[in-house]
2 protein chains.
Amino acid sequence: MTLHSHRLTDRDSPIADDGDEVRFCSACAFSAASMRAGYDKAALRDLHVLVEHVGPFRAGEHVFRAHDPFRAIFAVRGGTVKTVSVDADGNEQVLGFYIPGEVVGLNAIYPERYPCDAIALENSYFCRFSFPAISALATRMPGLQQQLFKLISKELGMATRLAGDHGAEERMAAFLIDLAERYATQGFPARRLHLAMSRNEIAAHLRLAPETVSRILGRFRETGLIALDVREVELRAPDQLSALARNVLGR
Amino acid sequence: MTLHSHRLTDRDSPIADDGDEVRFCSACAFSAASMRAGYDKAALRDLHVLVEHVGPFRAGEHVFRAHDPFRAIFAVRGGTVKTVSVDADGNEQVLGFYIPGEVVGLNAIYPERYPCDAIALENSYFCRFSFPAISALATRMPGLQQQLFKLISKELGMATRLAGDHGAEERMAAFLIDLAERYATQGFPARRLHLAMSRNEIAAHLRLAPETVSRILGRFRETGLIALDVREVELRAPDQLSALARNVLGR
DNA sequence: CAGTCAGGTTGATCTGGATCAAGGAAAGCT
DNA sequence: AGCTTTCCTTGATCCAGATCAACCTGACTG
């Protein structure tokens with residue numbers, strides 16, 4: 001098999017702190033909105049002062065834990081995280097995977113405690129925003145407020161799609177398409193991706209058995225929809241995949 | 001069968017416009033937060049001016065439609081609504097049911113279009129809040145901003161629970177417990193409820209077949225967990241139901 | 001570099017809930 | 001009242017995906 005996906009490393013990631021005192025890490029979920037709105041230096045400085053760079057977290061380390069009091073949200077600067085909720089019987093449910101530029105922890109606002117664990121899947125870095133501080137700032141920066149609303153609402157859309165009734169193949173296709181698109185919007189190649197998560201974790205996300213995930217990926221490979229080398233994926237027929245995912249993604 | 005649930009009507013509903021020029025409809029999701037925060041008269045007047053009472057909508061009528069541009073959110077003043085998304089193959093998914101005091105339309109913020117239809121299940125009334133206006137106001141009323149964050153985050157929690165992997169009985173139990181608790185927080189009796197929705201709608205919400213919903217309710221009745229007369233439900237053993245729902249509701 | 005172990009694949013079997021089918025009961029219409 | 005329609009229930013069968021089982025692979029360990 002000659003599939004060489006562009007494995008993300010600390011070195012070649014386009015997402016990183018640019019070291020500039022005034023501007024933000026270029027991919028931060030908040031920077032685009034703030035820049036777009038054309039805020040003055042003072043407001044930008046406020047937002048910048050708010051940020052606390054944290055990490056690295058190594059694979060398997062917790063960024064936050066279920067039941068911890070909610071204090072902050074985390075923008076992924078580099079790496080990948082999963083959020084997981086473990087029920088009384090020990091069943092793990094993966095709520096989501098988060099890649100650079102995305103924000104983790106928004107589901108903790110209402111309960112005022114994190115309702116899940118956040119665990120790094122690989123070496124990962126974050127911008128930590130105190131939630132009281134960022135929402136106070138949002139009061140003076142309507143664009144930031146809007147951005148926060150959008151982020152939570154987007155997350156809500158994701159959860160809703162996941163809740164839908166759909167066949168295993170449809171969900172798997174939707175997972176791949178969605179992930180690829182999210183990487184694409186962050187500036188990564190759109191047709192190749194490295195899966196930072198195990199089959200087990202994909203399964204726990206899509207409420208499938210790991211065996212089913214494996215079989216479906218195998219089938220996708222055999223029918224030429226994807227090229228696959230364990231965790232390296234190339235979308236060979238994105239249109240057919242999208243067609244499969246159509247009902248899940250709602251378009 | 002001698003089960004007489006307290007059927008909600010326009011007349012006996014505790015939720016209604018109180019007719020006071022200055023205060024809000026007592027159950028409105030925003031009134032509590034605003035009152036609690038102790039805002040001055042001017043701010044309260046702003047919020048009051050913002051509200052537009054709409055309705056009645058009769059059973060089956062649309063409050064908004066999928067793909068319509070997002071302009072407003074709706075607090076249920078009386079009645080019940082469902083939000084439904086219909087995919088390309090005509091499969092209906094019920095995203096949620098909303099009772100008086102709850103807010104519909106928050107999932108439209110990110111896509112900037114309603115991602116679903118909102119349909120009244122019975123005669124229903126709403127407070128309509130222009131979203132641009134209420135979020136502008138939220139800028140001057142941090143408590144209101146916080147309330148909006150919470151509402152969306154709470155909705156996110158709901159969607160997440162729905163997305164979980166769980167047996168049909170667990171999901172059904174969770175549905176009943178959750179609905180009863182929501183009625184209870186709105187001041188209705190905690191152990192008796194009238195289901196405003198059909199078995200089909202419950203099924204489309206819990207991704208079950210209507211037959212399965214019927215069978216499980218029958219089983220709950222036979223095992224004494226509930227008393228049941230078609231749409232009138234009495235929770236006879238709320239603790240056992242809660243135990244069943246435990247893994248779904250996460251506690 | 002043999003040994004261990006977690007992760008992945010593949011095959012065989014089982015099962016929870018869907019689907020198909022047939023009536024009953026309540027509500028709206030003429 | 002009768003008629004129609006929609007909703008609900010109950011029984012019989014079926015199937016997508018879970019579970020059980022076996023083996024493979026590659027990465028880390030002593």
Side-chain angles (χ1 to χ4, degrees), chain A residues 1 3 7 58-60 82 89-94 119 121-122 164-173 175 194-223 226-233 244 247-248, chain B residues 1 3-5 7 58-60 82 89-94 119 121-123 164-175 194-223 226-233 244 247-248:
Chain A
M1 168 65 75
L3 177 63
R7 175 64 199 273
R58 311 226 274 163
K82 64 172 176 182
D89 302 354
N91 308 310
E92 295 201 0
Q93 155 122 14
V94 170
I119 302 176
L121 295 184
E122 56 190 342
D165 203 3
H166 300 285
E169 287 202 351
E170 287 177 292
R171 286 214 299 287
M172 193 68 222
F175 172 73
H194 171 78
L195 303 176
M197 67 296 290
S198 70
R199 301 288 189 264
N200 265 288
E201 289 164 330
I202 298 174
H205 184 50
L206 302 179
R207 51 173 196 275
L208 297 173
E211 293 92 331
T212 305
V213 171
S214 190
R215 278 189 254 268
I216 289 176
L217 286 176
R219 216 176 304 155
F220 283 176
R221 181 170 39 72
E222 282 180 5
T223 53
I226 63 173
L228 178 66
D229 182 11
V230 192
R231 291 189 178 197
E232 307 303 322
V233 181
L244 259 178
N247 285 336
V248 184
Chain B
M1 167 66 77
L3 178 63
H4 300 280
S5 175
R7 174 67 199 273
R58 312 227 274 163
K82 64 172 176 181
D89 302 354
N91 308 310
E92 295 201 0
Q93 156 121 12
V94 171
I119 302 176
L121 296 183
E122 57 190 342
N123 239 18
D165 203 2
H166 301 285
E169 289 202 349
E170 286 176 293
R171 286 213 299 287
M172 193 69 222
F175 172 73
H194 170 79
L195 303 175
M197 68 295 290
S198 69
R199 302 287 190 264
N200 265 288
E201 289 164 330
I202 298 174
H205 184 51
L206 302 178
R207 48 170 198 276
L208 298 172
E211 293 92 332
T212 305
V213 170
S214 191
R215 278 188 253 267
I216 289 177
L217 286 176
R219 216 176 303 155
F220 282 176
R221 180 170 38 70
E222 283 180 3
T223 52
I226 62 174
L228 178 67
D229 180 12
V230 192
R231 290 189 180 198
E232 307 303 321
V233 181
L244 259 178
N247 285 337
V248 183

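Reminder, nothing fancy here: chain letters follow the sequence lines and each chain counts from 1.
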Checklist line | Between P of C:dG28 and CD of B:Glu122, the distance in whole Å | finding: 14 Å

Next item on the list: For A:Arg207 and D:dA16, give me the distance from atom CZ to atom C1', rounded to whole Å.
Entry: 14 Å

Next item on the list: Check whether any side-chain N or O of A:Glu232 sits under 3.5 Å from a backbone N or O of A:Asp229 as a donor-acceptor pair, and report yes or no.
Entry: no

Note to self: What's the closest nucleotide to the side chain of B:Leu208 if the choices are D:dC20, C:dA18, D:dT9?
What the structure shows: C:dA18

Item checked: From C:dT10, D:dC8, C:dT19, nucleotide with atom closest to B:Ala209 side chain -> C:dT19

Item checked: Side-chain donor/acceptor of A:His205 to backbone N/O of A:Val94, under 3.5 Å -> yes

Next item on the list: Check the distance between D:dC7's C1' and B:Arg231's CZ and give it to me in whole angstrom.
Entry: 8 Å

Item checked: D:dT19 base / A:Arg215 side chain donor-acceptor hit below 3.5 Å -> yes

Next item on the list: Mind calculating the distance between CD (A:Glu211) and C1' (C:dG8) to the nearest angstrom?
Entry: 10 Å

Next item on the list: To the nearest 0.5 angstrom, please state how far the CG atom of B:Leu228 sits from the CD atom of B:Glu222.
Entry: 11.0 Å

Next item on the list: Take the protein atom CG of A:Leu228 and the nucleotide atom C1' of C:dT10, then report the distance between them rounded to whole Å.
Entry: 14 Å

Notebook entry, point to check: Rounding to a whole Å, what distance do you find between A:Asp165:CG and D:dA16:P?
Noted result: 14 Å

Notebook entry, point to check: Quick one: B:Arg58 CZ to C:dA27 P, roughly how many Å, whole number?
Noted result: 18 Å

Next item on the list: Look at the side chain of B:Glu201 against the base of D:dC7 and say whether a donor-acceptor pair falls under 3.5 Å; ignore hydrogens and angles.
Entry: no

Notebook entry, point to check: Going by atom types alone, do A:Asn247 and B:Asn91 pair a side-chain donor with an acceptor below 3.5 Å?
Noted result: no

Item checked: Side-chain N or O of B:Ser198 closer than 4.0 Å to phosphate OP1/OP2 of D:dC7 -> no

Notebook entry, point to check: Can you list the residues that meet the salt bridge (charged side-chain N to carboxylate O under 4.0 Å, His left out) rule with A:Arg58, with sequence neighbours excluded?
Noted result: none

Checklist line | Length of the CD-P vector between B:Glu92 and D:dC7, whole Å | finding: 11 Å

Next item on the list: Mind checking A:Ala168 for me? I need base, sugar-phosphate or nothing, with any heavy atom below 4.0 Å counting as a touch.
Entry: sugar-phosphate

Margin query: What contact category does B:Gly167 fall into here, base, sugar-phosphate, or nothing, at under 4.0 angstrom with non-hydrogen atoms?
Written below: sugar-phosphate

